[in-house]
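Inspection log for the structure reproduced underneath, given as structure tokens.
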Amino acid sequence: QVQLVESGGGLVQAAGSLRLSCAASGRTFSSDDMAWFRQAPGNEREFVACITWSGRTYYADSVKGRFTISRENAKNTLYLQMNNLKPEDTAIYYCAAQPQGSIYHPLYGYWGQGTQVTVST
């Protein structure tokens, strides 16, 4: 059974940092693009960052310069380093693998269950 399991979320003050992890099991994703999305209450799921199988990275404008996506294929794990967090970053963060079309759209073959990130003022 293929699983993506996120961890590392929590409550942090504005300007603080968190590092999210997404551990994959059941298959290897070293040949797949992987991404982070987030969803705040009442909002649609939105693109945060993507890293391709070759290591190219893409970011939403709202997180560019503050967030860094990376992957460690030997551990089948995806990361999101989040610095200088803002209250508007508060959301459930989901990892995803194997986009079915554009990397920016939430149409991926595999999803994690999500981890809550809350940024207080």
Side-chain angles (χ1 to χ4, degrees):
Q1 182 181 359
V2 178
Q3 281 190 312
L4 298 176
V5 179
E6 300 96 335
S7 61
L11 174 64
V12 64
Q13 287 188 327
S17 298
L18 283 174
R19 188 193 194 205
L20 305 184
S21 299
C22 172
S25 61
R27 59 158 286 178
T28 180
F29 289 99
S30 60
S31 299
D32 294 300
D33 299 347
M34 299 187 74
W36 290 95
F37 284 76
R38 66 187 182 187
Q39 188 167 17
N43 290 357
E44 294 185 349
R45 193 167 296 190
E46 66 174 3
F47 173 81
V48 175
C50 174
I51 184 167
T52 68
W53 64 270
S54 62
R56 184 170 293 186
T57 58
Y58 300 87
Y59 296 94
D61 287 342
S62 59
V63 307
K64 204 170 292 183
R66 300 188 297 121
F67 291 10
T68 302
I69 189 172
S70 61
R71 63 193 300 167
E72 191 171 357
N73 288 334
K75 294 186 176 181
N76 217 16
T77 300
L78 179 72
Y79 302 100
L80 185 68
Q81 178 66 43
M82 305 186 295
N83 298 330
N84 191 21
L85 282 159
K86 304 176 180 180
E88 51 263 43
D89 294 318
T90 295
I92 299 174
Y93 283 71
Y94 299 89
C95 69
Q98 199 179 81
Q100 304 302 292
S102 168
I103 62 169
Y104 299 102
H105 294 165
L107 294 174
Y108 281 64
Y110 301 94
W111 289 91
Q113 84 289 347
T115 186
Q116 176 71 47
V117 171
T118 303
V119 184
S120 64
T121 56

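Position 1 is the first residue of the sequence; numbering continues from there. Heavy-atom basis, side chains included; hydrogens, waters and symmetry copies ignored.
- Considering NE2 of H105 and CD of E46, their distance stands at 13.0 Å, rounded to 0.5 Å.
- Sparse packing is recorded around CD of E44, with 12 or fewer heavy atoms of other residues, nucleotides or ligands lying under 6.0 Å away.
- Members clustered with Y79: none, using a 4.5 Å side-chain heavy-atom cutoff among hydrophobic residues.
- No donor-acceptor pair under 3.5 Å is formed between the side chain of D33 and the backbone N or O of Q98.
- Interatomic distance, CD1 of I51 versus CH2 of W36, reported as 12.0 Å (0.5 Å rounding).
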- Message: If you apply the rule salt bridge (Lys or Arg N to Asp or Glu O under 4.0 Å), what do you find for D61 with K64, and how did you get there?
- Response: CA-CA 5 Å; D61 287 342; K64 204 170 292 183; 3.1 Å; yes
Show every donor-acceptor pair shorter than 3.5 Å between a side-chain atom in residues 12-23 and any protein atom, with sequence neighbours excluded, or say none if there are none.
residue, atom, partner, partner atom, Å
S17, OG, N83, OD1, 3.0

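- In plain terms, the two heavy atoms of A49 and Y59 that are nearest each other are CB-CD2, 3.6 Å.
- One finds the OH atom of Y58 at 6.5 Å from the OH atom of Y104 (value rounded to the nearest 0.5 Å).
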Distance-only check: which donor-acceptor pairs under 3.5 Å involve side-chain atoms of residues 3-11, not counting sequence neighbours?
residue, atom, partner, partner atom, Å
E6, OE1, Q113, N, 3.0
E6, OE1, Q113, NE2, 3.4
E6, OE1, G114, N, 2.9
E6, OE2, C95, N, 2.9
E6, OE2, G114, N, 3.2

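- Of all heavy-atom pairs between I69 and M34, the closest is CD1-O, 4.0 Å.
- By the 4.5 Å heavy-atom criterion applied to side chains, V48 and Y94 are not counted as neighbours.
- Judged purely by atom type and a 3.5 angstrom limit, R71 uses its side chain to pair as donor or acceptor with the backbone of T52.
- Here the closest heavy-atom approach between residue V119 and residue T90 is recorded as N-OG1, 2.9 Å.
- Two different hydrophobic clusters hold I103 and Y110 under the rule that ILVMFWY side chains link at heavy-atom gaps under 4.5 Å.
- Annotation: side chain of M82 is not in contact with side chain of D89 (no heavy-atom distance under 4.5 Å).
- In this structure, T68 OG1 and L80 CG are separated by 8.0 Å, a value rounded to the nearest 0.5 Å.
- Judged by the 6.0 Å distance and 45° axis criteria, R27 is positioned over the aromatic ring of F29.
- For the residue pair A35 and Y108, the shortest heavy atom distance occurs at CB-OH, 3.4 Å.
- In this structure, CG in L78 is found 7.0 Å from OG in S70, a value given to the nearest 0.5 Å.
- Contact annotation: the side chain of R38 never approaches that of N43 to less than 4.5 Å [non-hydrogen atoms, C-beta and beyond].
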